[in-house]
A.B. asks: 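Handing you a structure now.
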Amino acid sequence: MNVHALSHIKSIGQGWTLPHLFYCDDGLKYVVKLMNNRQGLGVLANEFIAFRLAKLLNLPAAEYKIVYISRNLVEIFPTLKRLDVPAGPHIGCLFAEQGITLNHKVDLSACKNIKTMAGMIVFDHWIKNWDRHVTGANHLFLKDTKQLLLIDHSNAFCGPEWDTKELKEHAGTIEVYWGPFYEVFTPYIDGSDPFEPYLSELEALDRRELEHAVNGLPKQWRISSRMLETLIEFLYRRKNLVRGALLQLQDKFPIWSKH
Ligand SMILES: Nc1ncnc2c1ncn2[C@@H]1O[C@H](COP(=O)(O)OP(=O)(O)OP(=O)(O)O)[C@@H](O)[C@H]1O
Ligand SMILES: [Mg+2]
């Protein structure tokens, strides 16, 4: 579950959290979002929890681990020192050497796990992950295995600010998303009932599985148990609302709409 960073490689991405690539003590590279990233600490919890929730639905989420950066490492690497990176637990996403985002031209017809993108649409609605339908930057296509991977859940759960008032407000309603990075998958996932069995799997989750998914966050990420309780309630209530919300997308799916 945890690894230690051994060396800093380079910065990666130009956008929100400006992650950095690190080589870690399991011999693998991780794209690491730092505790002092400019979107805030909540990003780390969002990534970690959303990854575990994606796994509950058997979705192809990239692997996330807590990455420890030592004071010593910060002293050795000038970039880390300049960024004043705090020693401690950060969040890392296993680096996919062969990964390109969907902002590049990708032949989706060759993709081996494209059916799982129906589950991605269910998942994004459940966790309120509002940005994946509008950007290709949060899907990775692996050129060698021709698989899609989901990355970057920073904006889930009403965003990284961890506002429990907002979580409570949004526990009982689901906003329906539609955009180019859902639309590209329509021809591949359309069918008589495209979101089954993901909806059934989601609805069958019990509270203990959700408790387990939010468990074990480092205390340095400053998410209190009261905040986690609110998140569990948010997820528990919303899981039974996704089916009804997605019905509003039926006219986007030619085959589904005939049923
Ligand atoms: N596990 C990974 N393997 C390969 N590349 C990755 C991985 N994770 C992230 N990247 C690359 O780094 C970029 C930034 O990562 P991410 O999307 O998680 O952060 P971000 O804060 O949204 O930054 P950006 O706004 O630049 O997308 C991704 O768009 C992708 O190109
Ligand atoms: Mg991103």
Side-chain angles (χ1 to χ4, degrees), residues 1-3 5-55 59-69 79-80 83 85 89-106 108 111-113 116-117 120-121 123-124 127-162 177 179-182 184 221:
M1 191 53 72
N2 306 333
V3 292
L6 294 181
S7 58
H8 174 257
I9 303 171
K10 60 177 184 179
S11 70
I12 190 166
Q14 296 106 35
W16 286 98
T17 62
L18 303 174
H20 287 255
L21 193 61
F22 283 85
Y23 179 67
C24 294
D25 65 352
D26 59 354
L28 300 171
K29 291 176 193 156
Y30 290 83
V31 176
V32 176
K33 293 189 178 174
L34 300 166
M35 279 200 276
N36 61 343
N37 79 83
R38 61 184 179 169
Q39 263 198 303
L41 261 181
V43 162
L44 283 70
N46 283 13
E47 294 282 21
F48 193 51
I49 294 171
F51 158 66
R52 286 165 155 195
L53 296 173
K55 287 293 167 195
L59 292 175
E63 196 73 26
Y64 281 79
K65 288 204 171 150
I66 294 171
V67 175
Y68 282 90
I69 297 179
T79 307
L80 303 182
L83 292 171
V85 174
H90 306 255
I91 192 74
C93 179
L94 183 60
F95 180 61
E97 302 272 356
Q98 292 286 323
I100 51 169
T101 70
L102 291 192
N103 288 335
H104 296 82
K105 203 166 162 39
V106 166
L108 287 177
C111 177
K112 300 266 188 355
N113 65 345
T116 60
M117 293 300 107
M120 175 266 298
I121 294 175
F123 179 64
D124 285 349
I127 68 168
K128 200 167 162 53
N129 195 31
W130 66 266
D131 62 347
R132 208 188 325 263
H133 67 292
V134 287
T135 174
N138 296 342
H139 299 81
L140 282 184
F141 179 72
L142 308 182
K143 288 177 286 175
D144 51 353
T145 59
K146 311 258 184 277
Q147 305 265 345
L148 280 163
L149 276 185
L150 306 179
I151 57 164
D152 190 3
H153 318 103
S154 300
N155 290 311
F157 318 133
C158 305
E161 293 81 23
W162 272 77
Y177 304 134
F181 292 96
Y182 286 175
V184 286
W221 295 358

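Note that ligands are numbered from 1 as they come in the structure, with each ligand's atoms numbered from 1 the same way. This structure is a prediction, so every number in the text was calculated from the model and none was measured. What's counted below: heavy atoms across the whole structure, side chains too, no hydrogens, waters or symmetry copies. Position 1 is the first residue of the sequence, and the numbers go up from there.
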A.B. asks: May I ask you to identify, for Ala96, whether its side chain, its backbone, both or neither come under 4.0 Å of ligand 1 on a heavy-atom basis?
C.D. replies: both
A.B. asks: Considering only non-hydrogen protein atoms, determine which one is nearest to atom 26 (O) of ligand 1 and report residue, atom name and distance to 0.1 Å.
C.D. replies: Gly15 N, 2.8 Å
A.B. asks: Counting only heavy atoms, which portion of Leu94 has something under 4.0 Å from ligand 1: side chain, backbone, both, or neither?
C.D. replies: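 Within the 4.0 Å criterion, Leu94 contacts ligand 1 through backbone atoms alone.
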A.B. asks: When you measure from atom 29 (O) of ligand 1 to every protein heavy atom, which one gives the shortest distance, and what is it?
C.D. replies: Ala137 O, 3.2 Å
A.B. asks: With under 30° as parallel and over 60° as perpendicular, where do the rings of Phe157 and Trp162 fit, or are they tilted in between?
C.D. replies: perpendicular
A.B. asks: What atom name does the N, O or S atom of Asp152 nearest to the Mg ion (ligand 2) carry?
C.D. replies: OD2
A.B. asks: Do any N or O atoms from the side chain of Asn46 and from the backbone of Asn155 form a donor-acceptor pair under 3.5 angstrom?
C.D. replies: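 No; judged by distance alone, with no hydrogens or angles, the pair does not exist.
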A.B. asks: Indicate yes or no: at least one non-hydrogen side-chain atom of Ile100 is less than 4.5 angstrom from one of Lys143.
C.D. replies: yes
A.B. asks: With a cut-off of 2.8 Å, does Asn138 place any N/O/S atom under that distance from the Mg ion (ligand 2)?
C.D. replies: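 It does: Asn138 brings an N, O or S atom closer than 2.8 Å to the Mg ion (ligand 2).
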A.B. asks: Please check: side-chain N/O of His90 versus main-chain N/O of Met35, any donor-acceptor pairing under 3.5 Å?
C.D. replies: yes
A.B. asks: What do we get for Lys33 next to ligand 1 when only non-hydrogen atoms under 4.0 Å count, side chain, backbone, both or neither?
C.D. replies: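 Side chain only.
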A.B. asks: Please state whether the rings of Phe22 and His8 are parallel, tilted or perpendicular, taking 30° and 60° as the class boundaries.
C.D. replies: perpendicular
A.B. asks: Students should be able to answer this: which protein heavy-atom is nearest to atom 13 (C) of ligand 1, and at what distance?
C.D. replies: Gly13 CA, 4.1 Å
A.B. asks: Where is the nearest protein heavy atom to atom 6 (C) of ligand 1: which residue, which atom, and how far?
C.D. replies: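 The closest one turns out to be Val31 CG2, 3.9 Å.
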A.B. asks: Considering Thr101, Asp152, Asn155, which one's heavy-atom position lies nearest to atom 17 (O) of ligand 1?
C.D. replies: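 The residue whose heavy atom sits nearest atom 17 (O) of ligand 1 is Asp152.
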A.B. asks: For atom 10 (N) of ligand 1, what is the closest protein heavy atom, and at what distance to 0.1 Å?
C.D. replies: Ile151 CD1, 4.0 Å
A.B. asks: Would you call the rings of Trp221 and Phe48 parallel, tilted or perpendicular if under 30° counts as parallel and over 60° as perpendicular?
C.D. replies: perpendicular
A.B. asks: Can you list the ligand 1 atoms lying under 4.0 Å from a non-hydrogen atom of Thr17?
C.D. replies: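 It comes down to these atoms of ligand 1: 19 (O), 20 (P), 21 (O).
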A.B. asks: Who's closest to atom 15 (O) of ligand 1 heavy-atom-wise, of Pro19, Ser11, Pro160?
C.D. replies: Pro19
A.B. asks: Arg132 side chain to Tyr182 main-chain N or O, any donor-acceptor pair under 3.5 Å?
C.D. replies: no
